[in-house]
There are 2 protein chains.
Amino acid sequence: MTTTKRGRPRSFDREAALVQATLLFWQHGYEGTSISDLTAAMGISPPSLYAAFGDKRALFTEVVDRYGTTFGAFMEDALARERDPRAGFARMLEEAAVSYTDPGHPAGCLVISAATNYSPQTADVEQDLRARRTANVGSFEARLEDARARGALPEDADTRALAVYFAAVVQGMSQQARDGASTQELRRVARLAMNAWPEPPA
Amino acid sequence: MTTTKRGRPRSFDREAALVQATLLFWQHGYEGTSISDLTAAMGISPPSLYAAFGDKRALFTEVVDRYGTTFGAFMEDALARERDPRAGFARMLEEAAVSYTDPGHPAGCLVISAATNYSPQTADVEQDLRARRTANVGSFEARLEDARARGALPEDADTRALAVYFAAVVQGMSQQARDGASTQELRRVARLAMNAWPEPPA
DNA sequence: CTGATTTTACAGCGATCGCTAAAGAAAGTG
DNA sequence: CACTTTCTTTAGCGATCGCTGTAAAATCAG
């Protein structure tokens with residue numbers, strides 16, 4: 001069943017096509033990327049796209065999911081791999097500065113910028129990305145709560161405010177990157193941002 | 001010439017129509033707002049809109065210009081009216097927290113969020129708002145340079161990095177507001193953000 | 001009043017949107 | 001070979017996009 005290969009084989013590389021779709025959505029957003037743009041970049045015709053990926057919405061979801069496990073994976077990785085919570089957030093911001101300005105792909109973060117302007121009929125796409133960002137804030141807060149429980153943050157530290165703050169800084173860095181900020185500028189922003197981290201309870 | 005009033009008078013309030021257009025563009029962005037949406041909210045027909053405002057692009061420009069002198073005026077006001085530069089930036093962030101979550105209008109900042117996803121044919125609109133944001137960063141930097149010259153910042157303060165940092169924080173706060181953050185949360189973010197301000201040269 | 005001027009509502013332009021029916025082309029199966 | 005399955009291309013669907021031609025309606029000047 002799973003490996004039966006009957007019928008005419010697909011004549012294009014599905015993964016390569018997905019990468020092209022990712023680059024387009026990343027740069028121009030969901031509504032700013034048309035099926036015509038996608039098929040041109042993928043080198044296929046509309047029916048092939050629909051047969052391989054469903055519809056535009058399903059393709060976008062697949063793109064975003066793949067983005068989270070590749071380009072966007074540095075976030076949770078940085079928080080998880082650094083033992084010291086403060087070092088984890090610092091590393092996350094540093095890596096954001098590098099990733100958001102990588103000339104190998106569009107600037108900024110796809111999840112942050114790909115669906116900010118929603119017309120009524122694409123409100124669900126906007127809501128999807130919003131949920132991912134909200135989950136990210138929650139992830140920050142959980143990590144900060146964990147840090148406090150382990151004594152890496154003062155007992156009275158405002159973990160909720162810190163979580164929203166770090167999310168805002170990351171989103172702001174993404175926007176700045178799209179507006180043309182350099183890697184160096186964003187690295188310095190990342191270091192400035194870490195001044196908000198409270199002193200440990202001594 | 002200027003006050004000649006010949007012909008049929010306009011049957012709608014141009015200012016009120018402009019406010020309606022502002023609210024729509026603010027919430028749904030440039031591309032997410034159609035002429036049909038606009039005429040419905042304004043209570044007029046397409047020819048009336050085109051006669052009064054030119055085309056969609058001109059209407060949007062007028063909306064953004066008006067936004068800058070009303071809703072968005074708190075930024076330069078805060079920097080200009082506080083004598084102490086640090087107090088000026090702190091006040092700007094505090095007022096952003098309030099304005100971006102004001103239930104009387106859409107969340108966040110129109111200049112920041114109304115044209116982030118640009119399809120090729122609207123790249124000029126995107127570029128227009130981008131220029132306004134870049135000018136804002138430059139304004140921050142000028143104010144910081146002024147602060148350093150007057151001894152309110154250390155001689156070795158990185159004014160460029162601070163300017164990009166504050167711009168990123170403001171943009172992040174706008175995004176967080178659109179994602180549902182509360183006024184209180186953003187106020188606490190504003191206070192945390194001020195920790196990046198360098199100590200005065202003693 | 002008549003005539004000139006401007007705005008109005010109605011209808012629809014060409015272009016593009018996301019998407020798909022139809023039929024031919026390329027593979028495996030017998 | 002014939003048959004089934006799947007992908008391909010061609011062509012175009014209905015809907016919406018920004019925008020406008022046309023003519024009636026409403027005000028002015030004389």
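It should be emphasised that the depicted structure is a prediction, and the values quoted were computed from it without experimental measurement.
Residue A:Ser48 has no polar side-chain atom (N or O) positioned under 4.0 Å from OP1 or OP2 of D:dC7. Between A:Tyr50 and C:dT20 there is no side-chain polar atom (N or O) within less than 4.0 angstrom of OP1 or OP2. At D:dC7, none of the side-chain N or O atoms of A:Ser11 fall inside 4.0 Å of OP1 or OP2 (strictly under the cut-off). In this structure, A:Ser45 reaches the D:dT9 phosphate: one of its side-chain N or O atoms is under 4.0 Å from OP1 or OP2.
For A:Met42 and D:dC7, the CE to C1' distance is 16 Å, given to the nearest whole Å. Regarding B:Arg6, its CZ atom lies at a distance of 18 Å from the P atom of C:dT8, rounded to whole Å. If you take CD1 of A:Ile44 and C1' of D:dC7, they are 11 Å apart, rounded to a whole angstrom. Residue B:Glu31 contributes atom CD, which lies 18 Å from atom P of D:dT16 at whole-angstrom precision. In this structure, A:Leu49 places its CG atom 13 Å from C1' of D:dC7, rounding to the nearest Å. Atom C1' of nucleotide C:dC13 and atom CD1 of B:Ile35 are separated by 15 Å, given to the nearest angstrom. The CZ-P distance, from B:Phe53 to C:dT7, rounds to 12 Å in whole Å. Distance B:His28 NE2 to D:dC17 C1': 17 Å, rounded to the nearest Å.
The OH atom of B:Tyr165 sits 13.5 Å away from the CG atom of B:Asp158 when rounded to the nearest 0.5 Å.
Looking at B:Glu82 and B:Arg143, no side-chain N of the basic residue comes within less than 4.0 Å of a carboxylate O on the acidic one, giving no salt bridge. Between A:Arg91 and A:Asp84 there is no salt bridge, since no side-chain N of the basic residue sits under 4.0 Å from a carboxylate O of the acidic one.
Nucleic acid contact for A:Pro9: sugar-phosphate only, since backbone atoms but no base atoms lie under 4.0 Å from a heavy atom of the residue. Nucleic acid contact for B:Thr33: sugar-phosphate only, since backbone atoms but no base atoms lie under 4.0 Å from a heavy atom of the residue.
Screening B:Phe74, B:Phe60, B:Trp26 against B:Tyr67 for a ring-ring contact (aromatic ring centres under 6.0 Å, His included) leaves a single residue, B:Trp26.
Checked against C:dC19, C:dT7, D:dT8, the side chain of A:Asp55 finds its nearest nucleotide in C:dC19.
A donor-acceptor contact under 3.5 angstrom links the side-chain atoms of B:Arg8 to the base of D:dA25.
The side-chain tip of A:Lys56 points at the ring of A:Tyr30 from less than 6.0 angstrom away and within 45° of straight on.
Looking at which nucleotide of DNA chain C each of B:Pro46 and A:Ser36 is closest to, the 5′-most match is held by B:Pro46. Taking for each of B:Gly7 and B:Pro47 the nucleotide of DNA chain D with the nearest heavy atom, the 5'-most of the two is the partner of B:Pro47.
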